[in-house]
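Comments concern the structure below.
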Amino acid sequence: QMEEHLVNVYGADGWRGASREKIKLTGELNRAYKTIGRCKTKIQETVRLCEETPGLTAIPSDHYDEQGALDSDNIFCAVCKNYESTDDND
């Protein structure tokens with residue numbers, strides 16, 4: 001978020017447009033763009049890994065209410081599909 005804010009502030013119009021001579025910190029902007037790109041790539045890789053993991057079962061969409069909340073009774077293990085949890089097996 002910090003990098004996105006930096007890009008929004010400096011990339012558009014300098015600092016609040018108060019300067020007659022617009023300052024653009026190109027080095028900082030380039031660093032921010034690269035950081036944002038790396039973060040997006042990590043998020044995409046994580047989502048892909050979660051989606052491609054074999055043998056896991058998703059919670060059916062009808063278990064969620066209108067606000068997207070899930071009752072604790074509807075949570076189950078994605079591997080063994082057991083609804084019970086013990087202290088030594090979360």
Side-chain angles (χ1 to χ4, degrees):
Q1 288 180 351
M2 184 174 69
E3 282 78 14
E4 288 177 343
H5 180 68
L6 179 84
V7 168
N8 290 337
V9 170
Y10 288 107
D13 196 20
W15 182 254
R16 294 184 186 167
S19 171
R20 289 161 103 218
E21 185 176 317
K22 303 302 178 196
I23 299 171
K24 288 199 177 187
L25 305 173
T26 55
E28 285 295 314
L29 285 172
N30 290 335
R31 183 197 58 77
Y33 284 126
K34 288 179 184 178
T35 302
I36 291 169
R38 282 194 305 270
C39 291
K40 286 181 179 180
T41 301
K42 286 181 185 178
I43 291 169
Q44 290 169 348
E45 289 173 358
T46 302
V47 169
R48 182 184 47 76
L49 178 66
C50 290
E51 290 175 347
E52 292 177 355
T53 304
L56 300 182
T57 303
I59 296 174
S61 59
D62 60 342
H63 286 16
Y64 295 92
D65 64 12
E66 297 82 30
Q67 289 81 28
L70 181 66
D71 187 51
S72 61
D73 294 335
N74 293 325
I75 298 174
F76 60 90
C77 176
V79 176
C80 68
K81 297 163 190 67
N82 189 356
Y83 284 85
E84 299 297 321
S85 176
T86 60
D87 289 337
D88 61 337
N89 182 14
D90 293 331

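Owing to the predicted nature of the structure, the values given are computational and were not obtained by experimental measurement.
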In short, side-chain hydrogen bond (donor to acceptor under 3.5 Å, both in side chains) pairs touching residues 36-45 with sequence neighbours left out are Thr35-Arg38

Sorted by chain and number, sequence neighbours left out, side-chain contact (heavy atoms from CB on, under 4.5 Å) with Asp73 holds for Asp71

By side-chain contact (heavy atoms from CB on, under 4.5 Å), Asp62 pairs with (sequence neighbours left out) Pro60

On a heavy-atom basis, the closest approach of His63 and Asn74 is CD2-CB, 3.5 Å

Output for pair (Ile36 CD1, Lys34 NZ), nearest 0.5 Å, gives 13.0 Å

